[in-house]
Protein chains: 2
Amino acid sequence: MTIDPEARTPPYLQLAALIRQQIADGTIPVGRRIPSMHELETTHGLARNTIAKALRVLKDEGIIEPETGRGLFVVRVPDNETPADP
Amino acid sequence: MTIDPEARTPPYLQLAALIRQQIADGTIPVGRRIPSMHELETTHGLARNTIAKALRVLKDEGIIEPETGRGLFVVRVPDNETPADP
DNA sequence: CATCATTTGTCCGTATGTATC
DNA sequence: TGATACATACGGACAAATGAT
(Lines give C-alpha, C1' and ligand atoms only; values in the text may rest on other atoms or scores of the structure.)
Protein backbone atom coordinates (compact mmCIF):
# COMPACT_ATOMS: atom_id res chain seq x y z
CA MET A 1 0.00 0.00 0.00
CA THR A 2 1.21 3.43 -0.86
CA ILE A 3 0.35 6.97 0.05
CA ASP A 4 -1.74 8.84 -2.49
CA PRO A 5 -1.27 12.60 -2.26
CA GLU A 6 -4.35 13.11 -4.42
CA ALA A 7 -6.75 11.13 -2.27
CA ARG A 8 -9.43 12.83 -0.21
CA THR A 9 -7.91 11.65 3.06
CA PRO A 10 -4.67 13.54 3.66
CA PRO A 11 -1.33 11.67 3.53
CA TYR A 12 -0.71 11.95 7.26
CA LEU A 13 -3.96 10.10 7.98
CA GLN A 14 -3.22 7.55 5.28
CA LEU A 15 0.14 6.85 6.86
CA ALA A 16 -1.38 6.57 10.33
CA ALA A 17 -3.93 4.09 9.00
CA LEU A 18 -1.22 2.14 7.21
CA ILE A 19 0.92 1.69 10.30
CA ARG A 20 -2.13 1.07 12.44
CA GLN A 21 -3.08 -1.83 10.26
CA GLN A 22 0.40 -3.30 10.11
CA ILE A 23 0.20 -3.47 13.87
CA ALA A 24 -3.31 -4.88 13.79
CA ASP A 25 -2.48 -7.72 11.42
CA GLY A 26 0.71 -8.62 13.22
CA THR A 27 3.18 -7.35 10.66
CA ILE A 28 4.67 -5.32 13.47
CA PRO A 29 4.17 -7.14 16.79
CA VAL A 30 3.72 -5.49 20.17
CA GLY A 31 7.00 -4.60 21.81
CA ARG A 32 8.84 -4.16 18.59
CA ARG A 33 10.14 -1.02 16.98
CA ILE A 34 8.50 0.56 13.95
CA PRO A 35 10.61 2.14 11.20
CA SER A 36 12.31 5.38 12.19
CA MET A 37 10.94 8.73 11.11
CA HIS A 38 13.80 9.04 8.67
CA GLU A 39 13.00 5.67 7.14
CA LEU A 40 9.34 6.59 6.86
CA GLU A 41 10.33 9.83 5.22
CA THR A 42 12.33 8.21 2.48
CA THR A 43 10.13 5.18 1.87
CA HIS A 44 6.94 7.22 1.60
CA GLY A 45 8.34 10.43 0.20
CA LEU A 46 6.84 12.58 2.92
CA ALA A 47 8.27 15.47 4.87
CA ARG A 48 9.44 15.14 8.43
CA ASN A 49 6.56 17.11 9.87
CA THR A 50 4.04 15.04 8.00
CA ILE A 51 5.50 11.86 9.47
CA ALA A 52 5.48 13.42 12.92
CA LYS A 53 1.84 14.35 12.50
CA ALA A 54 0.89 10.79 11.60
CA LEU A 55 2.83 9.37 14.52
CA ARG A 56 1.17 11.89 16.81
CA VAL A 57 -2.17 10.35 15.90
CA LEU A 58 -1.00 6.85 16.79
CA LYS A 59 0.59 8.07 19.97
CA ASP A 60 -2.63 9.80 21.02
CA GLU A 61 -4.41 6.50 20.38
CA GLY A 62 -2.02 4.80 22.77
CA ILE A 63 -0.76 2.44 20.10
CA ILE A 64 2.86 3.51 19.96
CA GLU A 65 5.18 5.06 22.48
CA PRO A 66 8.19 7.12 21.48
CA GLU A 67 11.51 6.90 23.28
CA THR A 68 13.83 9.75 22.47
CA GLY A 69 17.10 8.58 21.03
CA ARG A 70 15.88 4.98 20.71
CA GLY A 71 12.83 4.73 18.51
CA LEU A 72 9.10 4.22 18.38
CA PHE A 73 7.74 1.11 20.03
CA VAL A 74 4.43 -0.67 19.70
CA VAL A 75 2.69 -0.89 23.05
CA ARG A 76 -0.79 -1.98 22.12
CA VAL A 77 -2.87 -3.47 19.34
CA PRO A 78 -5.50 -1.05 17.99
CA ASP A 79 -9.09 -1.81 18.92
CA ASN A 80 -10.70 -1.02 15.60
CA GLU A 81 -8.10 -1.22 12.89
CA THR A 82 -10.51 -0.80 10.00
CA PRO A 83 -13.71 1.08 10.84
CA ALA A 84 -15.13 -0.33 7.57
CA ASP A 85 -16.98 2.13 5.42
CA PRO A 86 -20.72 1.53 5.93
CA MET B 1 -7.13 39.28 26.71
CA THR B 2 -8.43 37.03 24.01
CA ILE B 3 -8.82 37.11 20.26
CA ASP B 4 -12.28 37.99 19.03
CA PRO B 5 -12.95 36.67 15.50
CA GLU B 6 -16.01 38.92 15.25
CA ALA B 7 -14.20 42.18 15.97
CA ARG B 8 -13.57 44.72 13.23
CA THR B 9 -9.81 44.35 13.51
CA PRO B 10 -8.79 40.97 12.10
CA PRO B 11 -7.41 38.32 14.44
CA TYR B 12 -3.89 38.54 13.08
CA LEU B 13 -3.71 42.21 14.01
CA GLN B 14 -5.28 41.55 17.39
CA LEU B 15 -2.64 38.95 18.10
CA ALA B 16 0.15 41.24 16.96
CA ALA B 17 -1.16 43.96 19.27
CA LEU B 18 -1.47 41.50 22.13
CA ILE B 19 2.10 40.32 21.88
CA ARG B 20 3.32 43.85 21.27
CA GLN B 21 1.80 44.96 24.52
CA GLN B 22 3.11 42.00 26.48
CA ILE B 23 6.54 43.11 25.40
CA ALA B 24 5.79 46.74 26.15
CA ASP B 25 4.60 46.10 29.68
CA GLY B 26 7.45 43.75 30.45
CA THR B 27 5.45 40.52 30.50
CA ILE B 28 7.93 39.26 27.95
CA PRO B 29 11.30 40.95 28.52
CA VAL B 30 13.84 41.76 25.84
CA GLY B 31 16.11 38.85 25.06
CA ARG B 32 13.56 36.25 25.94
CA ARG B 33 11.68 33.89 23.71
CA ILE B 34 8.04 34.40 22.91
CA PRO B 35 5.67 31.41 22.74
CA SER B 36 6.25 29.22 19.70
CA MET B 37 3.95 29.35 16.71
CA HIS B 38 2.56 26.00 17.71
CA GLU B 39 1.79 27.25 21.21
CA LEU B 40 0.16 30.37 19.83
CA GLU B 41 -1.89 28.18 17.53
CA THR B 42 -3.36 26.10 20.31
CA THR B 43 -3.76 28.79 22.94
CA HIS B 44 -5.53 31.19 20.59
CA GLY B 45 -7.25 28.72 18.34
CA LEU B 46 -5.80 30.21 15.19
CA ALA B 47 -4.33 28.62 12.08
CA ARG B 48 -0.66 28.43 11.31
CA ASN B 49 -0.73 31.06 8.62
CA THR B 50 -2.63 33.50 10.77
CA ILE B 51 -0.01 33.25 13.47
CA ALA B 52 2.73 33.70 10.91
CA LYS B 53 1.01 36.78 9.58
CA ALA B 54 0.86 38.35 13.03
CA LEU B 55 4.50 37.60 13.73
CA ARG B 56 5.45 39.01 10.36
CA VAL B 57 4.04 42.34 11.52
CA LEU B 58 6.14 42.34 14.69
CA LYS B 59 9.21 41.26 12.78
CA ASP B 60 8.75 44.09 10.29
CA GLU B 61 8.51 46.46 13.24
CA GLY B 62 11.86 45.18 14.43
CA ILE B 63 10.44 43.97 17.72
CA ILE B 64 11.13 40.29 17.38
CA GLU B 65 13.80 38.37 15.54
CA PRO B 66 13.56 34.72 14.49
CA GLU B 67 16.32 32.21 15.02
CA THR B 68 15.94 29.20 12.81
CA GLY B 69 15.23 26.04 14.71
CA ARG B 70 15.20 27.84 18.05
CA GLY B 71 12.34 30.28 18.24
CA LEU B 72 11.39 33.95 18.13
CA PHE B 73 13.22 36.33 20.42
CA VAL B 74 12.40 39.81 21.62
CA VAL B 75 15.04 42.26 20.48
CA ARG B 76 13.44 45.61 21.21
CA VAL B 77 10.63 47.29 23.12
CA PRO B 78 7.97 48.82 20.85
CA ASP B 79 7.90 52.59 20.62
CA ASN B 80 4.16 53.06 20.60
CA GLU B 81 2.55 50.08 22.19
CA THR B 82 -1.03 51.38 22.03
CA PRO B 83 -1.68 53.69 19.06
CA ALA B 84 -5.11 54.52 20.58
CA ASP B 85 -7.99 54.40 18.13
CA PRO B 86 -8.82 57.98 17.08
C1' DC C 1 35.79 10.24 29.70
C1' DA C 2 34.97 12.19 25.01
C1' DT C 3 33.11 11.94 20.36
C1' DC C 4 30.04 10.82 16.91
C1' DA C 5 25.92 8.89 14.54
C1' DT C 6 21.19 7.94 15.26
C1' DT C 7 16.57 9.10 16.74
C1' DT C 8 12.72 11.67 18.37
C1' DG C 9 10.79 16.25 18.83
C1' DT C 10 10.42 20.90 17.83
C1' DC C 11 11.27 25.22 15.53
C1' DC C 12 10.39 28.86 11.78
C1' DG C 13 9.26 30.09 6.97
C1' DT C 14 6.75 29.23 3.08
C1' DA C 15 3.51 27.24 -0.40
C1' DT C 16 -0.94 25.47 -2.10
C1' DG C 17 -5.87 24.81 -2.11
C1' DT C 18 -10.27 25.91 -0.21
C1' DA C 19 -13.76 28.65 2.06
C1' DT C 20 -15.86 32.87 3.73
C1' DC C 21 -17.04 37.67 3.80
C1' DT D 1 -12.31 41.10 -6.27
C1' DG D 2 -9.59 41.29 -2.34
C1' DA D 3 -8.72 40.32 2.43
C1' DT D 4 -8.92 36.93 5.76
C1' DA D 5 -8.61 32.36 7.67
C1' DC D 6 -8.13 27.33 7.75
C1' DA D 7 -5.92 22.66 6.61
C1' DT D 8 -2.28 20.54 4.77
C1' DA D 9 2.41 19.90 3.31
C1' DC D 10 7.38 20.73 2.50
C1' DG D 11 12.12 22.25 3.75
C1' DG D 12 16.02 23.40 6.54
C1' DA D 13 17.72 23.79 11.14
C1' DC D 14 18.11 23.19 16.14
C1' DA D 15 17.72 20.44 20.52
C1' DA D 16 18.14 16.52 23.76
C1' DA D 17 18.61 11.64 24.64
C1' DT D 18 20.65 7.37 23.43
C1' DG D 19 24.14 4.08 22.18
C1' DA D 20 28.34 2.72 20.07
C1' DT D 21 33.20 3.64 19.47
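Lettering follows sequence order; numbering is per chain, from 1. Only this structure's heavy atoms are used, side chains among them; waters, hydrogens and symmetry mates stay out.
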message: So for atom CZ, which belongs to A:R33, do other residues, nucleotides or ligands contribute more than 12 heavy atoms lying within a distance under 6.0 Å?
response: yes
task: Grab the CD1-C1' distance between A:I3 and D:dC10 for me, whole Å please.
output: 15 Å
- prompt: So if you build clusters from Ile, Leu, Val, Met, Phe, Trp, Tyr with side-chain heavy-atom gaps below 4.5 Å, do B:L18 and B:L40 land together?
  reply: yes
message: Judged by each residue's nearest nucleotide on DNA chain D, which is more toward the 5′ side, A:L46 or B:R70?
response: A:L46
query: Any link between A:L72 and A:Y12 through a network of hydrophobic side chains (Ile, Leu, Val, Met, Phe, Trp, Tyr) touching at under 4.5 Å?
result: no
- prompt: Toward the 5' end of DNA chain D, which comes first, A:T9 or B:T68, by nearest nucleotide?
  reply: A:T9
task: Measure from the side chain of A:T50, starting at C-beta and using heavy atoms only, and say which of D:dC10, C:dT7, C:dT10 lies closest.
output: D:dC10
query: Where the side chain of A:R48 is concerned, which of D:dA13, D:dA15, D:dC10 is the nearest nucleotide?
result: D:dA13
Base C:dT16 paired with B:N49 side chain (donor-acceptor, <3.5 Å): yes
- line: Looking only at D:dT8, C:dC12, D:dA5, the nucleotide nearest the A:K53 side chain is D:dT8
field: Length of the line joining B:I51:CD1 and D:dC6:P, which is rounded to integer Å
entry: 8 Å
field: B:R56 CZ to D:dT4 C1', straight-line distance once rounded to whole Å
entry: 16 Å
query: For B:L55, which contact category applies under a 4.0 Å heavy-atom criterion: base, sugar-phosphate, or nothing?
result: nothing
task: Step through the shown structure and confirm whether more than 12 heavy atoms of other residues, nucleotides or ligands are within 6.0 Å of CZ on B:R76.
output: yes
query: Would one find a side-chain N or O of A:Y12 under 4.0 angstrom from OP1 or OP2 of D:dT8?
result: yes
statement: Taken to the nearest whole Å, NE2/A:H38 to P/C:dG9 is 16 Å
message: Nearest whole Å is fine: how far is C:dT10 P from B:E41 CD?
response: 13 Å
- prompt: How many Å lie between CZ on A:R33 and C1' on D:dG19, as a whole number?
  reply: 13 Å
